[in-house]
Amino acid sequence: MSNNTRENFGSKLGAVLAAAGSAVGLGNIWRFPIETGQNGGAAFILIYIGCVLLLGIPIMMSEFLIGRHTQANTAGAYRVLAPGTPWRWVGRLGVLSGFVILSYYSVVAGWTAEYTVLAIGNHFDGKTAADFPAIFAKFVSNPWKSVLWMLGFLMATHFVVIRGVKSGIEKFSKLMMPALFVIMLVLTICSVMLPGSSEGLEFLFRPDFSKITGSVVLSAMGQAFFSLSLGLGCLCTYASYFSKETNIGKTALNVAVIDTMVAIMSGLIIFPAVFNAGYTLDSGDIGPSLLFITMPNVFGQAFGGVPALAYGVSVLFYFLLVLAALTSTISMHEVVTAYVSEEFNTTRRKAALIVTLACSIVGVVCALSFGPFDGVRIFGMSIFDFFDYVASNIMLPLGGMLIAVFAGWYLDKKLVRDEITNRGTLRASYLRLVIFILRYIAPVAIGLILLGQLGVFR
Ligand code: PHE
């Protein structure tokens, strides 16, 4: 590992925006509204925010301090901090999760690109609700189209990653994150101004506590992990490019606030429009097809009185998804590229090429699981669903739990304190609370998520 050639983020803002770019993605705009819709609305959101504050921020701080202290890729980081112990497997597990998630995430990311092109070509105009399921089914089962879009997305990711940390990832995030925010703001205003938007707002902001069950709490925790990019060393790898002056606690808080704001804004865009178009929560409209079947129809119905507005909103919406997905795929690619390049002593370019090629192969298999490989089942799931299930429901929580135990129990307290206070130059009155959470609350809570996912409470 040659540390002397390692790059750093050029500024604190760049570091925050890159980490926020990783966090903000399909998890916020696609998964969050679905989970909110399926888990009862405002009460779910409150628990979700509780999970972000109580578990998300402390674990994010652990990833940051491990990465920043060692200035190494995530597997290398554990080797440096715990030489000769099995802890290095936590890093390797993270790299593997990054690889798996990148492969299937690129498939959905490719769909967002196809839908951007459809929106630009005004293909949603004049269609009725009955047309959209067929359009979607035809597209995902077309082996060529979905594979090509997936490969295109991986290539775009590849080209940003090979430009390096400062002139690739940081520059791109600094450009994209503000653009994303502006697009979201425009869309939120359009949606909230719709007649009857109050039903959507009420759903999002008036909690019905009778809706809270064990499985709602478990879903909220799982969503927090996925959305904050926790548990696979993504943020650990990005933190290895932080400068010694970066305030770890403040950066974690900023990233969590940005990510949560984007999730809530997605709810504000989607729910008023969905209710306005006459959809209900029980009819199966708020499922995984939300963005590709329900939303194209919503644009026509909700903004149909002004066709130019329906057109503009749909183009902006899908373009927003592409941007959000791209900043996330870049971060997953970077985890694996940094690992291959540093652990196997290859150049960054070669490492990135190996990662892109390997992901393309797994990605093709995932994309084809909607078409020719439709019949292949692993534990009753399609290949795509199996990867999604194993990675986000098992590997991420497991990684997060081990990271909490590592930072809370294994690491020297002085090292943790030094990193969080920047060697005593920052006041961090929350330090003891964070360590308490890492030692006791996080392992128990995440242990419960894992058992819940495995069906122990069913
Ligand atoms: N947080 C990203 C999102 O919300 C997904 C992601 C998960 C990215 C894990 C990196 C690591 O879409």
Side-chain angles (χ1 to χ4, degrees), residues 17-36 48 51-52 55-57 59-60 63-64 67 73-74 91 93-112 153-154 157 160-161 169 173 176-177 180 184 219-239 252 255-267 288 290-291 320-339 355 359 387-400 403:
L17 291 183
S22 168
V24 171
L26 298 174
N28 306 61
I29 310 173
W30 174 57
R31 210 169 182 272
F32 178 81
I34 296 171
E35 292 283 321
T36 304
Y48 173 78
C51 292
V52 169
L55 299 176
I57 294 179
I59 294 181
M60 194 184 295
E63 287 209 23
F64 281 169
N73 70 85
T74 181
L93 174 79
V95 173
L96 183 68
S97 320
F99 176 76
V100 171
I101 300 183
L102 177 58
S103 304
Y104 75 77
Y105 196 95
S106 302
V107 176
V108 183
W111 298 349
T112 66
F153 217 93
L154 271 178
T157 307
V160 177
V161 170
I169 299 174
S173 309
M176 290 308 131
M177 291 311 286
L180 186 133
M184 290 217 83
S219 302
M221 285 202 267
Q223 173 60 20
F225 263 85
F226 189 86
S227 189
L228 293 173
S229 304
L230 290 179
L232 55 64
C234 236
L235 298 180
C236 173
T237 305
Y238 271 18
V255 172
V257 167
I258 295 175
D259 190 69
T260 306
M261 265 169 56
V262 171
I264 292 181
M265 282 167 91
S266 310
L290 174 70
L291 295 187
L320 165 77
L321 283 172
V322 169
L323 294 188
L326 194 53
T327 47
S328 296
T329 52
I330 289 167
S331 71
M332 293 179 238
H333 199 296
E334 178 62 27
V335 176
V336 196
T337 298
Y339 167 75
V355 175
C359 268
F387 281 154
D388 181 31
Y389 182 85
V390 172
S392 43
N393 295 349
I394 298 176
M395 290 163 93
L396 290 191
L398 185 64
I403 289 166

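Both ligands and their constituent atoms are indexed starting at 1 by order of listing.
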Inset, instruction - For the pair Thr327 (side chain) and Ser173 (backbone), establish whether a donor and an acceptor sit closer than 3.5 Å, ignoring hydrogens and angles. - result: no
Legend entry - Interfacing atoms of ligand 1 (cut-off 4.0 Å, heavy-atom, Asn28): 4 (O)
Inset, instruction - Please assess Ser22 against Ser229 for the test side-chain hydrogen bond (donor to acceptor under 3.5 Å, both in side chains), listing each intermediate value before the final yes or no. - result: CA-CA 7 Å; Ser22 168; Ser229 304; 3.0 Å; yes
Legend entry - Sub-4.0 Å atoms of ligand 1 with respect to non-hydrogen atoms of Gly27: 3 (C), 4 (O), 12 (O)
Inset, instruction - Specify side chain, backbone, both or neither for Leu232, according to which of its non-hydrogen atoms lie closer than 4.0 Å to ligand 1. - result: side chain
Inset, instruction - Determine, considering heavy atoms only, which of Gly233, Ser22, Gly25 sits nearest to atom 2 (C) of ligand 1. - result: Ser22
Inset, instruction - Report, in ascending order of atom number, the atoms of ligand 1 lying under 4.0 Å from any heavy atom of Cys234. - result: 10 (C), 11 (C)
Inset, instruction - Report yes if some N/O of Met332 lies less than 3.5 Å from some N/O of ligand 1; otherwise report no. - result: no
Legend entry - Sub-4.0 Å heavy-atom approach of Tyr105 to ligand 1: yes
Inset, instruction - Could you tell me whether the side chain of Thr157 and the main chain of Ile330 form a donor-acceptor pair under 3.5 Å? - result: no
Inset, instruction - Answer yes or no: does an N/O atom from Phe226 fall short of 3.5 Å to an N/O atom of ligand 1? - result: yes
Inset, instruction - State, with a plain yes or no, whether a side-chain heavy atom of Leu291 is found less than 4.5 Å away from one of Leu321. - result: yes
Inset, instruction - Would you indicate whether the side-chain heavy atoms of Cys51 and Phe225 approach each other to under 4.5 Å? - result: no
Legend entry - pair Ser328-Leu26: side-chain heavy atoms closer than 4.5 Å: no
Inset, instruction - Do me a favour and list the nearest non-hydrogen protein atom to atom 6 (C) of ligand 1 with residue, atom name and distance? - result: Ser229 OG, 3.7 Å
Inset, instruction - May I ask you to check whether Ile101 has an N/O atom sitting below 3.5 Å from an N/O atom of ligand 1? - result: no
Inset, instruction - May I ask you to decide if Ala256's main-chain N or O and Asp259's side chain share a donor-acceptor pair within less than 3.5 Å? - result: no
Inset, instruction - For the pair Phe32 and Tyr48, evaluate ring-ring contact (aromatic ring centres under 6.0 Å, His included) and give the outcome as yes or no after the intermediate values. - result: CA-CA 10 Å; Phe32 178 81; Tyr48 173 78; 5.3 Å; yes
Legend entry - Among Ser331, Ser328, Ala109, Ala23, closest by any non-hydrogen atom to atom 4 (O) of ligand 1: Ala23
Inset, instruction - Under 4.0 Å from a heavy atom of Ser227: give me the atoms of ligand 1 that qualify, with their elements. - result: 1 (N), 4 (O)
